[in-house]
Amino acid sequence: MDEKKVREAIEDFKKLAELLQNKESAAVEHCNIAIEALEKQLPKKPKEEKDAYTSKLGEFRVGKCPNCEMEASDRFDICIDCGQKLDWRK
Ligand SMILES: [Zn+2]
């Protein structure tokens, strides 16, 4: 998905949630669910990144998912727990 379009969609959902506030609480909640799902599409830097090594995999990087704190490795570009996209670039 195009990152710029995802950011624009998030902004629109935020505006929509504001317009619906105090009128349609279920719809506001649905906007917030959509925002949360879209934000996972934007790659974020893992926390506490460090080098790791196993004889089977060789060298790789590990860190924590910035969204759910689960251990993550650079073998995956998403968190296998919550689906957050991860940016392992240095
Ligand atoms: Zn996660």
Side-chain angles (χ1 to χ4, degrees):
M1 232 187 290
D2 184 320
E3 263 184 53
K4 191 171 166 265
K5 284 194 173 151
V6 172
R7 282 179 212 283
E8 285 169 2
I10 290 171
E11 287 314 306
D12 280 346
F13 273 115
K14 283 182 178 169
K15 281 180 212 155
L16 193 56
E18 235 168 76
L19 289 172
L20 294 167
Q21 203 124 40
N22 307 323
K23 289 178 213 147
E24 301 273 354
S25 61
V28 171
E29 197 191 327
H30 294 156
C31 285
N32 288 332
I33 289 169
I35 291 165
E36 198 183 315
L38 286 167
E39 276 179 349
K40 286 181 183 173
Q41 300 299 311
L42 299 172
K44 286 188 185 144
K45 294 294 291 172
K47 297 196 318 197
E48 297 168 39
E49 260 186 79
K50 54 180 187 260
D51 291 317
Y53 177 84
T54 66
S55 53
K56 201 171 164 190
L57 296 172
E59 283 180 37
F60 58 104
R61 302 275 293 162
V62 294
K64 278 185 180 171
C65 171
N67 186 51
C68 73
E69 304 279 317
M70 265 297 271
E71 287 279 340
S73 98
D74 69 356
R75 298 286 151 134
F76 300 95
D77 60 6
I78 63 157
C79 169
I80 53 172
D81 198 56
C82 73
Q84 171 66 54
K85 269 201 180 180
L86 299 170
D87 176 7
W88 293 99
R89 289 170 304 175
K90 285 190 180 174

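Each ligand, and each atom within it, is numbered from 1 in the order the structure gives.
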Same cluster or not: Phe13 versus Leu42, using hydrophobic residues (I, L, V, M, F, W, Y) connected whenever any side-chain heavy atoms lie under 4.5 Å apart?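 Yes, one cluster joins them.
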Please answer: with hydrophobic residues joined when any side-chain heavy atoms are less than 4.5 Å apart, are Leu16 and Val6 in the same cluster?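 Same cluster.
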Ignoring hydrogens and geometry, is there a side-chain-to-backbone donor-acceptor pair from Asp87 to Pro43 under 3.5 Å?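 Judged by distance alone, no pair lies under 3.5 Å.
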Hey, is the main chain of Arg75 close enough, under 3.5 Å, to the side chain of Trp88 for a donor-acceptor pair?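 Answer holds: no.
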Listed once per pair and sorted, the side chain to side chain donor-acceptor pair (under 3.5 Å) pairs that draw on residues 19-31, sequence neighbours left out: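 For residues 19-31: none.
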Do any protein N, O or S atoms sit under 2.8 Å from the Zn ion (ligand 1), and which ones are they?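 For the Zn ion (ligand 1), the protein N, O and S atoms that sit under 2.8 Å away are Cys65 SG, Cys68 SG, Cys79 SG, Cys82 SG.
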Is the closest basic N to carboxylate O distance between Arg7 and Glu3 below 4.0 Å?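 Counted as a salt bridge, because a side-chain N and a carboxylate O are separated by less than 4.0 Å.
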